[in-house]
Asker: 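Provided herewith is a single structure, encoded as structure tokens, for subsequent inquiry.
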Amino acid sequence: MSNTAAKAIGRLTLRGLRAFIALEETRSVAAAAQKLGVSKSNVSQQITALEQSVGTKLFDRDKRPILLTPAGQVLSLHAHRITATVSAAEASLAEINLRSLPILNTGIIDDLDASLTPALASFLQARLPQCFISAFSGRSDQITEKLISRDIDIAVTAIMPTDMHRFNILPLLREQFVLISAQGKYDPRSDWRKTLSEIPLAQYSENMPMGRLVSGHLKRIGFHVQRRFSFESTRSVIATVVQTGGWTLSTPLSILDAGALADRVDISPLPFAGLSRQIYLITRVDEIGALPDLMARECRGLLRDRLLPEFAKRAPRLTEALSLQGQVEDACEPGGAA
């Protein structure tokens with residue numbers, strides 16, 4: 001190898017190689033910048049520096065989408081190997097650091113607390129035997145705020161942080177809202193506007209994300225009903241539906257969390273435009289190694305093996321209202337999560 005070639009290889013940087021791979025995969029400077037969480041000028045500067053260090057063009061930027069040159073194709077093979085090796089080393093070092101972690105703080109939305117928290121605490125304790133596991137349960141906005149303020153390290157929530165590039169966001173579950181009514185009070189074949197106007201609506205408080213989501217949706221479809229009740233817990237909402245012969249909008253997870261109260265209501269698809277929410281597992285980027293991916297896989301296994309079948313029993317005609325998201329094929333085998 002000549003001295004010139006050695007100097008060129010010596011000027012290759014990991015940041016430059018990661019920008020190269022992002023541009024190769026997205027074929028767009030803007031898309032590569034979004035993927036990396038940096039500016040477009042930053043990506044362009046990294047690619048220009050990389051091309052200067054190897055002494056040739058790596059991309060044909062006159063093409064749309066952007067294409068690799070022959071030299072870029074050669075570098076691609078090495079770039080992927082190098083970044084994969086570095087990522088593996090980073091993950092291994094992170095795992096070593098995790099073993100000495102004194103405390104790990106988690107936060108899980110109320111609707112999943114009873115179902116996920118004990119199993120995930122057991123999962124974490126098995127992998128981090130010297131670590132104290134702390135669990136917080138609350139509303140999605142509370143949990144996301146605690147993650148941003150570093151009060152918790154792992155969040156299972158329905159609200160993503162606004163500064164998304166600082167976080168590792170793994171989708172777990174999507175759920176469609178359904179109509180919950182006192183038994184015999186709502187017939188899906190009836191005029192829903194007339195029927196639902198004649199029985200009381202038990203609302204979630206607009207101080208919480210669920211309440212704001214439902215209230216905003218009813219306004220969008222132009223359905224205005226008299227406000228009579230407002231609560232901050234699903235059990236209070238559903239208990240009021242039962243007590244008053246009323247109705248509400250809620251989610252499959254909320255119904256499952258309501259316990260025996262769910263046996264005293266009818267569950268129907270929305271008779272108007274649909275509404276949904278997604279649940280994510282979120283951690284700060286590059287802080288706890290491969291643990292987030294392992295936890296997401298464990299969560300999907302638990303959801304698939306426990307909650308989906310349970311909801312299917314309660315609402316066999318609405319099984320599509322609850323669906324796993326992300327790498328479903330990586331979920332644990334039935335019976336493997338505990």
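Because only heavy atoms are used, hydrogens play no part in the values below, and waters and symmetry mates are left out as well, while side chains stay in.
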Asker: Could you tell me whether Arg61 and Glu51 make a salt bridge, using a distance below 4.0 angstrom between a side-chain N and a carboxylate O?
Answerer: yes
Asker: Check step by step if side chain to side chain contact (heavy atoms under 4.5 Å, CB included) holds for Arg300 and Leu172.
Answerer: CA-CA 6 Å; Arg300 295 186 193 109; Leu172 298 178; 4.2 Å; yes
Asker: Could you check whether any side-chain heavy atom of Asp263 comes within less than 4.5 Å of a side-chain heavy atom of Arg314, counting everything from C-beta outward?
Answerer: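 A side-chain contact exists here, since the closest heavy-atom pair is under 4.5 Å.
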Asker: With heavy-atom distances below 4.5 Å as the criterion, would you say the side chains of Leu120 and Ile154 are in contact?
Answerer: no
Asker: Within the distance-only criterion (no hydrogens, no angle test), does the side chain of Ser53 pair as donor or acceptor with the backbone N or O of Leu50 below 3.5 angstrom?
Answerer: yes
Asker: Would a single hydrophobic cluster contain both Ile221 and Phe177, if residues Ile, Leu, Val, Met, Phe, Trp and Tyr are joined by side-chain heavy-atom contacts under 4.5 Å?
Answerer: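 Linked within one cluster.
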Asker: So does Gln176 have more than 12 non-hydrogen atoms from other groups sitting under 6.0 Å from CD?
Answerer: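 Result for CD/Gln176: enclosed.
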Asker: Got a sec: does the NZ of Lys35 have more than 12 other heavy atoms crowding it under 6.0 Å?
Answerer: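 Yes, enclosed.
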Asker: Does any N or O in the side chain of Asp257 come within less than 3.5 Å of the main-chain N or O of Leu112, such that one atom is a donor and the other an acceptor?
Answerer: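 A pair under 3.5 Å: no.
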Asker: Check whether more than 12 heavy atoms from other residues, nucleotides or ligands sit under 6.0 Å from atom CZ of Arg193, and answer yes or no.
Answerer: yes
Asker: Grab the two heavy atoms, one from Thr234 and one from Ala258, that are nearest each other, plus how far apart they are.
Answerer: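 Closest heavy-atom pair between Thr234 and Ala258: CG2-CB, 4.3 Å.
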Asker: Using a 6.0 Å cut-off, check whether atom CZ of Arg15 has over 12 heavy atoms from anything other than its own residue.
Answerer: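 No, CZ of Arg15 has 12 or fewer neighbouring heavy atoms, counting only those of other groups under 6.0 Å.
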Asker: Is any side-chain heavy atom of Ile143 closer than 4.5 Å to a side-chain heavy atom of Val156?
Answerer: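 No, their side chains stay 4.5 Å or more apart.
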Asker: Quick one about Ser39 and Ser41 (side-chain donor to acceptor, distance below 3.5 Å, no hydrogens or angles considered), yes or no?
Answerer: yes
Asker: Tell me, which pairs form a salt bridge (charged side-chain N to carboxylate O under 4.0 Å, His left out) where one or both residues lie in residues 69-84, sequence neighbours left out?
Answerer: none
Asker: Give a yes or no on whether the backbone of Lys146 and the side-chain of Ser149 come within a donor-acceptor separation of less than 3.5 Å.
Answerer: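 The answer is yes, because a donor-acceptor pair under 3.5 Å joins these two groups.
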Asker: Looking only at side chains, do Thr69 and Asp60 share a donor and an acceptor under 3.5 Å apart?
Answerer: no
Asker: Within this structure, what is the OG1-CD1 distance for the pair Thr106 and Ile152, rounded to the nearest 0.5 Å?
Answerer: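 The OG1 atom of Thr106 sits 7.5 Å away from the CD1 atom of Ile152.
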Asker: Verify the ring-centre separation between Trp192 and Phe272: is it less than 6.0 angstrom?
Answerer: yes
Asker: So if you build clusters from Ile, Leu, Val, Met, Phe, Trp, Tyr with side-chain heavy-atom gaps below 4.5 Å, do Ile159 and Met210 land together?
Answerer: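 No, Ile159 and Met210 fall in different hydrophobic clusters.
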Asker: If we ignore hydrogens and angles and just use 3.5 Å, is the side chain of Thr319 paired with the main-chain N or O of Ala312 as donor and acceptor?
Answerer: no
Asker: Return yes if some donor-acceptor pair links the side-chain N/O of Glu206 with the main-chain N/O of Ser215 below 3.5 Å, else return no.
Answerer: no
Asker: Between Trp247 and Ile267, is there shared hydrophobic-cluster membership here, with clusters defined by ILVMFWY side-chain heavy atoms closer than 4.5 Å?
Answerer: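 Trp247 and Ile267: separate clusters.
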Asker: Does Arg284 reach the main-chain N or O of Phe167 with its side chain, forming a donor-acceptor pair under 3.5 Å?
Answerer: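 Checked: no pair found.
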Asker: Of all the heavy-atom pairs spanning Ser140 and Ala158, show the shortest one and how long it is.
Answerer: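 Reported closest heavy-atom pair: OG-N, 3.0 Å.
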Asker: Picking from Ile180, Thr240, Val214, what satisfies side-chain contact (heavy atoms from CB on, under 4.5 Å) with Thr248?
Answerer: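 Result: among Ile180, Thr240, Val214, Ile180 is the only option passing the side-chain contact (heavy atoms from CB on, under 4.5 Å) with Thr248.
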Asker: Looking at Asp111 and Arg277, is there a salt bridge between them, counting it only when a charged N and a carboxylate O are closer than 4.0 Å?
Answerer: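 Salt bridge present between Arg277 and Asp111.
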Asker: Is Met295 close to Ile288 at the side-chain level, that is, under 4.5 Å between some pair of heavy atoms?
Answerer: no
Asker: Does any non-hydrogen side-chain atom of Glu24 lie less than 4.5 Å from one of Leu58?
Answerer: no
Asker: Please report the interatomic distance CG(Leu116) to SG(Cys299), rounded to the nearest 0.5 Å.
Answerer: 5.0 Å
Asker: Going through the distances and angles, do Leu249 and Leu201 end up as a side chain to side chain contact (heavy atoms under 4.5 Å, CB included)?
Answerer: CA-CA 9 Å; Leu249 301 188; Leu201 168 64; 5.8 Å; no
Asker: Do Ser250 and Tyr204 have a side chain donor and acceptor closer than 3.5 Å?
Answerer: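 Looking only at side-chain atoms, Tyr204 and Ser250 do form a donor-acceptor pair, the distance falling under 3.5 Å.
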Asker: Quick one: does Phe20's side chain get under 4.5 Å of Leu68's, heavy atoms only?
Answerer: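 Side-chain contact under 4.5 Å: yes.
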Asker: Please walk me through it: do Leu67 and Arg27 pass side chain to side chain contact (heavy atoms under 4.5 Å, CB included)?
Answerer: CA-CA 7 Å; Leu67 298 175; Arg27 306 293 178 88; 3.1 Å; yes
Asker: Got a donor-acceptor contact below 3.5 angstrom from the Ser181 side chain to the Gly246 backbone?
Answerer: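 No: the side chain of Ser181 does not pair with the backbone of Gly246.
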Asker: Measuring from Leu170:CG to Ile279:CD1, what's the distance to the nearest 0.5 Å?
Answerer: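 Here the interatomic distance stands at 14.0 Å.
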Asker: What's the verdict on side chain to side chain contact (heavy atoms under 4.5 Å, CB included) for Ser137 and Asp110, showing C-alpha distance, side-chain angles and the deciding distance?
Answerer: CA-CA 5 Å; Ser137 174; Asp110 288 330; 2.7 Å; yes
Asker: Going from OG1 on Thr251 to CG on Leu322, what distance comes out if it is rounded to the nearest 0.5 angstrom?
Answerer: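 Separation between the atoms: 8.5 Å.
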Asker: Examine Phe231 and Val178 and state if one hydrophobic cluster contains both, with Ile, Leu, Val, Met, Phe, Trp and Tyr joined whenever side-chain heavy atoms are less than 4.5 Å apart.
Answerer: no
Asker: For residues Pro271 and Leu179, report the shortest heavy-atom separation together with the two atoms involved.
Answerer: CD-CD1, 3.8 Å
Asker: State, to 0.1 Å, how close Tyr280 and Pro171 come at their nearest heavy-atom pair, and which atoms those are.
Answerer: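 Here Tyr280 and Pro171 meet closest at CD2-CA, 3.9 Å.
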Asker: Keeping His217 on the side-chain end and Ser276 on the backbone end, is there a donor-acceptor pair under 3.5 Å?
Answerer: no
Asker: With a 4.5 Å cut-off on side-chain heavy atoms, are Gln183 and Asp266 touching?
Answerer: yes
Asker: Looking only at non-hydrogen atoms, find the nearest pair between Ala182 and Gly245 and report the distance.
Answerer: CB-CA, 3.5 Å
Asker: In the structure I gave you, are the side-chain heavy atoms of Ile66 and Arg64 within less than 4.5 Å of one another anywhere?
Answerer: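 Contact flag for Ile66/Arg64 side chains = yes.
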Asker: Could you tell me the separation between the CD1 atom of Ile255 and the CD atom of Glu310, rounded to the nearest 0.5 Å?
Answerer: 11.0 Å
Asker: Membership question, hydrophobic clusters at under 4.5 Å side-chain separation (ILVMFWY): are Leu308 and Ile108 in the same one?
Answerer: yes
Asker: Identify the heavy atoms of Pro200 and Thr244 that sit nearest to each other, and give their distance.
Answerer: CG-OG1, 3.6 Å
Asker: Using 0.5 Å steps for rounding, measure from the NZ atom of Lys313 to the CG atom of Leu256.
Answerer: 11.5 Å
Asker: For Gly72, is there any backbone N or O sitting under 3.5 Å from a side-chain donor or acceptor partner on Ser76?
Answerer: no
Asker: With Thr157, which of Asp141, Leu281, Ile282 fulfils side-chain contact (heavy atoms from CB on, under 4.5 Å)?
Answerer: Ile282
Asker: Does anything in residues 231-246 pair up under salt bridge (charged side-chain N to carboxylate O under 4.0 Å, His left out), and if so which pairs, sequence neighbours excluded?
Answerer: Arg139-Glu232
Asker: Keeping the roles fixed (side chain from Asp153, backbone from Asn105), state whether a donor-acceptor pair exists under 3.5 Å.
Answerer: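 Yes; at least one donor-acceptor contact below 3.5 Å.
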